[in-house]
Amino acid sequence: MALKKNIYEKIWDMHLVYEEPGRDAIIYIDTHFVHEVTSPQAFESLRLSKRSVRRPQKTFATMDHNVPTSDRSAPIKDVLSKKQIETLRNNCHEFDVTLFDMDTIQSGIVHIIGPELGITHPGATIVCGDSHTSTHGAFGALAFGIGTSEVEHVLATQTLTQKKSKTFEIRINGKRPSGVTAKDVILAVIGKIGTAGATGYVVEYTGEVIRDFNLEERMTVCNMSIEAGARAGLISPDDKTCDYLKERKYIPQDETWEKLTSKWKNFASDEGAVYDKTMELFVDQLEPQITWGTTPEQVTSINGSTPDLSRIKDPNKRKAVKKALQYMGLNENMPLKGLKVDRVFIGSCTNSRMSDLREASKVVKGYKTHSTVNAMVVPGSQSVKKMAEEEGLDKIFKEAGFDWRESGCSMCLGMNPDQLRAEERCASTSNRNFEGRQGKGGRTHLVSPVMAAAAAIKGSFVDIREWKYK
Amino acid sequence: MRSFTTLEGIVAPLEDLNVDTDQIIPKQFLKRIEKTGFGKFLFYDWRYLPNGKLNPDFEMNHPRYKEASILLAKENFGCGSSREHAPWALDDYGIKCLLAPSFADIFYNNCFNNGILPIVLDYPLIEELFKNVRQIEDFRLSIDLPNQRIKKPDGKTISFDIDSFRKHCLVNGLDPIGLTLEHEEKITEYEKEHGIL
Ligand code: SF4
């Protein structure tokens, strides 16, 4: 009988270009995404060494980190942002790379538009100079973030040198309670294994809860793999994966749909495949999650409290928790429910797709945002924005007092003008609550879109399971 | 690429766990399109007070660590964003070698691609070095990559592990792209086999 392989092993074997003992393997890269922040130095270096882009048709670029989310037709005020954006435009032109420019309907956050356009597909190797590239793993692709030197390496050679990773199966089972979303599941996983819990591993998420998730929910899960330190996070493809991709623009045209999908589904891990490490999470008792500190592992359920310092034995950990609480303006043993918020951000490559906006809009419908809260919705792409407007979601948000923006990374990292001010407390659907991430001195609590929406209305964190939908 | 063989230098301590690349180099400095000049922004939000003066409470700012070229850190150093601006900033500031119980994956790779040596040491060894650094003014270490040895001022040595291929590349300052292109015919072969050409 043939050897049983997991999905990572299958993709690895399929992409191996060259291997010799004592050095890293060379693997082929099918798709390279590029954005304006981590690419200028790579193109410049390529130019200096008189090299070209080996396979320009395999590289796709967009600008997302710096772009303003206000009116797109107005010039960009920030001189440096403007220059970075123009540099990408020029580089794409010079090296013949496809660019989804910021004024086109295809533009948006790089990890949102890849799947949307059907550039992302099962069995592919995908890289980008961005740690949340793991998002594409939801389609059964091996997708991971790389540094700028590696961006240059891929541009020049269409390959990367890699050591084979170990594999980690994270099985999510049980019956998911209502009000508990994909975001809560992945936050709970990170809370359990820690921010370095998967360092050195490629994670495959399996189990009935993952199978039950739609592709957008799976993307939320895979997106945050890096927050547990994983090289990549992926999910074996199934019929749902294929259905999502059907008729998308960049799907290969040289094979019949039946042939293509059967090839894709063959990448799924074999029944009985083995992993270097396994864990299981049962979600039956899981509650909506909320982070209280400055790393995603500092998370608890909405009915939980901040830690009791005296119960943390490791002095390094105790010091770190104390520092995080101080930064967050919180005390130990403090309940999180009822904590007041100043800002609400619904956006980022974790949670800004149609299903996120639909669910959040249901919470908001018929209500007004709290008088002291400034809330914004930033769709993940221009096409999500358009679709949401066609469904009337923008009206629901606007009538409630939310700001309805153009797409982009926005306040997920605040490289554009969307930033927290010092000591402002934010309910955010993004993926990082690091010190200063959303603005210097800003205090970020990571939550699901429905939890963020409810916090905007109430002016403080609530348990979404107690929400009265109108 | 710049090679790394040996280094003798002052060690600066950085106490925090899970230091993320957002702290190493905050986003407002990622708008530059050059690789150079990031050193003054290293640990910006910790290093400077809101008025722009050096923060006296940030340990690395202490005059005794001013000339440091080795950074002593705690676990999961360099987690978060893939930004290579983090090693660029460390390098430009003068840090050429890092010691920690563990590093985040992408950051670790990025260091090697910039001629910086990240060394993983067991937790107790790191804790001891933290004690040494604070007790001994002008505490220096000698790093010897070819022999995989660290020499302490008292003459004691610590040996460390490193992947042999990474070591080979760093010691010889090999350009990874050049190395890959030595096998260009294999890449072309792969492309033919997979209908890419
Ligand atoms: S939305 Fe945030 S996490 Fe996602 S790519 Fe943009 S900055 Fe990175």
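Convention: sequence-line order gives letters A, B, ...; per-chain numbering from 1.
For B:P26, no part lies under 4.5 angstrom from a heavy atom of chain A. Of the atoms belonging to B:N109, it is side-chain heavy atoms, and not backbone ones, that fall under 4.5 Å from chain A. Heavy atoms of B:Q28 lying under 4.5 Å from chain A are absent altogether. Using a 4.5 Å cut-off between heavy atoms, A:Q438 touches chain B through its backbone atoms (N, CA, C, O) alone. Only the side chain of A:S45 has a heavy atom closer than 4.5 Å to any heavy atom of chain B. With a threshold of 4.5 angstrom between heavy atoms, A:L160 does not approach chain B through any atom at all. Proximity to chain A involves both the backbone and the side chain of B:T188, based on heavy atoms less than 4.5 angstrom apart. In this structure, the portions of A:D24 lying under 4.5 Å from any heavy atom of chain B include both its backbone and its side chain. For a residue to count as touching a neighbouring chain, one of its non-hydrogen atoms must lie under 4.5 Å from one of that chain's; by this rule B:E127 touches chain A with the side chain only. Only the side chain of A:A320 has a heavy atom closer than 4.5 Å to any heavy atom of chain B. The part of A:I146 that comes within reach of chain B is its backbone (N, CA, C, O), which places non-hydrogen atoms under 4.5 angstrom from that chain. Contacts between B:F103 and chain A at a heavy-atom distance below 4.5 Å involve the backbone alone (N, CA, C, O). For A:S81, the parts lying near chain B are the backbone and the side chain together; criterion is any non-hydrogen pair under 4.5 Å. Within the 4.5 angstrom heavy-atom criterion, only side-chain atoms of B:E191, from C-beta onward, approach chain A. For a residue to count as touching a neighbouring chain, one of its non-hydrogen atoms must lie under 4.5 Å from one of that chain's; by this rule B:L17 touches chain A with the side chain only. Proximity to chain A (any heavy atom under 4.5 Å) is restricted, for B:H85, to the side chain, taken from C-beta onward.
In this model, no donor atom of one side chain and acceptor atom of the other lie less than 3.5 Å apart for A:T295 and B:N18.
Counting heavy-atom pairs closer than 4.5 Å to chain B, the top residue among A:Q158, A:E152, A:R55 is A:R55. When A:T38, A:D78, A:T199, A:T161 are compared by the number of non-hydrogen pairs under 4.5 Å with chain B, A:D78 comes out ahead. With chain B as partner, the option from A:E227, A:K58, A:H65, A:E297 having the largest number of non-hydrogen pairs under 4.5 angstrom is A:K58. With chain A as partner, the option from B:Q23, B:K74, B:H183, B:M1 having the largest number of non-hydrogen pairs under 4.5 angstrom is B:H183. Each of A:E44, A:R51, A:Q419 has some count of heavy-atom pairs under 4.5 Å with chain B, and the biggest count is that of A:R51. When the candidates A:H15, A:E36, A:M14, A:K319 are compared by the number of heavy-atom contacts under 4.5 Å with chain B, A:H15 comes out ahead.
With rounding to the nearest 0.5 Å, the separation of CD1 in B:I33 from NZ in A:K83 is 4.0 Å. Put simply, CD on B:E15 and CG on A:N316 are 6.0 Å apart, with the number rounded to the nearest 0.5 Å. The structure places CD1 of B:I187 at 5.0 Å from CZ of A:R54, a figure rounded to the nearest 0.5 Å. Taken from CZ in A:F144 to CG in B:D105, the straight-line distance is 9.5 Å, to the nearest 0.5 Å. With rounding to the nearest 0.5 Å, the separation of CZ in B:F165 from NZ in A:K163 is 8.0 Å. Rounding to the nearest 0.5 Å places CD of B:E184 at 14.5 Å from OH of A:Y18.
With hydrogens and angles disregarded, no donor-acceptor distance shorter than 3.5 Å links the side chain of B:K31 to the backbone of A:L80. No side-chain donor-acceptor contact under 3.5 Å links A:E150 to the backbone of B:I106.
Scanning both residues, A:G147 and B:E84, for their nearest heavy atoms gives C-OE1, 3.2 Å. The shortest non-hydrogen separation linking A:K323 to B:W46 is NZ-CZ2, 3.5 Å. Annotation for B:S81 and A:S131: closest pair CA-OG, 3.7 Å, computed over non-hydrogen atoms. Across all non-hydrogen atoms, the minimal contact from A:I226 to B:G80 is CG1-O, 4.2 Å. The shortest heavy-atom contact between B:L179 and A:R23 is O-NH2, 3.9 Å.
Within a 6.0 Å sphere centred on CD of A:E423, other residues, nucleotides and ligands contribute 12 heavy atoms or fewer. Counting heavy atoms of neighbouring residues, nucleotides and ligands inside a 6.0 Å radius, atom CG of B:D138 exceeds 12 of them. A:K82 NZ: 12 or fewer foreign heavy atoms inside a 6.0 Å radius. More than 12 heavy-atom neighbours from other residues, nucleotides or ligands sit within 6.0 angstrom of CZ on B:R64.
Side-chain atoms of B:I196 and A:Y28, non-hydrogen and from C-beta on, do get closer than 4.5 Å to each other. Using a 4.5 Å heavy-atom threshold, the side chains of A:I26 and B:K186 count as separate. Between A:E435 and B:D45 the shortest side-chain heavy-atom distance does not fall below 4.5 Å.
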Step by step, would you call A:T159 with B:Y190 a side chain to side chain contact (heavy atoms under 4.5 Å, CB included)? CA-CA 11 Å; A:T159 67; B:Y190 179 95; over 6 Å; no
